[in-house]
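Written out below as structure tokens is the structure these notes cover.
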Amino acid sequence: MGRSVAEFLWPRGGWARAFHYVKHRVRRLPDSPERIARGIWAGVFMSFTPLFGFHFLGAVMIAKAMKGNILASLMATFVGNPLTFVFITLASLKSGHWILGTKLEHGELRMLSRKFADAGIDLWHNAWAIFTPEEMDWSGLAIFSRDVFFPYLIGGILAGIFFATIAYYLAVPVLRAYQHRRKGLIKAKFEAIKAKSAAKANEKKQAVKDKKEQTNG
């Protein structure tokens, strides 16, 4: 368990290697640049939502609705990782409070972990209270929903659309250029193999011809 958590926070080889691996896999997906880019849009968008634990599912559903590449959508959720969550959370919360006409209070970000914990405690306590005489308490969850989840969700939708759209328009030309270059390399390789085979066939024919001339001579 501890090893899994450690690898989530810092993958083997570091985040730079993990990023290049995902980028390489996305570029080599056997699909059109537009479909792959729509999948990327779905994955990036979901990464800006506070629906933790449902990013994969949400990305797949959006990709299907947009007729995008499913694998690309799953890999694009990599945008949401321990190195980017601070930026994503800040962008989403600030956008949400701005849309709602409220203000992100000073020190609010430092209280996030406490509010997440209080909401989790409430959920656990109330689930246990169903089977015991204890009374349910929703105060921590109510504060979390009002101060964090709702602004995060509203702002995440706005920020997610913005950054996902940027990712889409950056991805299409890059993917198209990569696929065009790859097709050129494959074609050149095929032509080289074809030329090599033709040369071997000519050598064989020449050898047979020379043998016949020697026999006739």
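As the structure is a computational prediction, the values presented were derived from the model and not from experiment.
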query = Hey, what do you get for CD1 (I36) to CE (M75), rounding to the nearest 0.5 Å?
reply = 8.5 Å
ask   = Taking the side chain from S73 and the backbone from G43, do they hold a donor-acceptor pair closer than 3.5 Å?
value = no
note = Heavy-atom closest pair (I88 atom, V79 atom, distance to 0.1 Å) is CD1-O, 4.0 Å
Atom CZ of F163: over 12 foreign heavy atoms under 6.0 Å = yes
request  = Of all the heavy-atom pairs spanning R38 and K67, show the shortest one and how long it is.
outcome  = NH2-O, 3.1 Å
query = Under the 3.5 angstrom rule, does the side chain of T89 hit a backbone N or O of V86 as a donor-acceptor pair?
reply = no
ask   = Does L158 belong to the same Ile/Leu/Val/Met/Phe/Trp/Tyr cluster as L153, with side-chain heavy atoms less than 4.5 Å apart forming each link?
value = no
task = Kindly compute the distance separating CE (M46) from NE2 (H55), expressed to the nearest 0.5 Å.
result = 5.0 Å
query = Quick one: CD1 on I40 to CG on N69, what's the gap to the nearest 0.5 Å?
reply = 8.5 Å
request  = Drop me the distance from L93's CG to F149's CZ, to the nearest 0.5 angstrom.
outcome  = 11.5 Å
ask   = In Å, rounded to the nearest 0.5 Å, how long is the span from OG of S95 to CG of L100?
value = 10.5 Å
query = Any chain of hydrophobic side-chain contacts (each under 4.5 Å) joining F54 to I62?
reply = yes
query = With a 4.5 Å heavy-atom cut-off, do E34 and V172 have their side chains touching?
reply = yes
task = Is it possible for you to say whether I157 and F150 belong to one hydrophobic cluster, with membership spreading through side-chain heavy-atom contacts below 4.5 Å?
result = no
request  = Nearest 0.5 Å please: distance from the CZ atom of F45 over to the CE atom of M66.
outcome  = 10.0 Å
Closest approach of A171 to A37 (non-hydrogen atoms, all atoms of both residues) = CB-CB, 4.2 Å
request  = Take V174 and L170, measure what side chain to side chain contact (heavy atoms under 4.5 Å, CB included) needs, and give me the verdict at the end.
outcome  = CA-CA 7 Å; V174 170; L170 288 176; 5.6 Å; no
Verdict with reasoning, F162 to V44, per side chain to side chain contact (heavy atoms under 4.5 Å, CB included) = CA-CA 10 Å; F162 177 76; V44 173; over 6 Å; no
ask   = Shortest non-hydrogen contact from W41 to T165?
value = NE1-OG1, 3.2 Å
ask   = Looking only at heavy atoms, what is the nearest atom pair of G39 and A63, with distance?
value = CA-CB, 4.5 Å
request  = Please find out if less than 6.0 Å separates the ring center of F52 from that of F85.
outcome  = yes
query = Are I161 and I154 grouped together when hydrophobic residues (ILVMFWY) are joined by side-chain heavy atoms under 4.5 angstrom apart?
reply = no
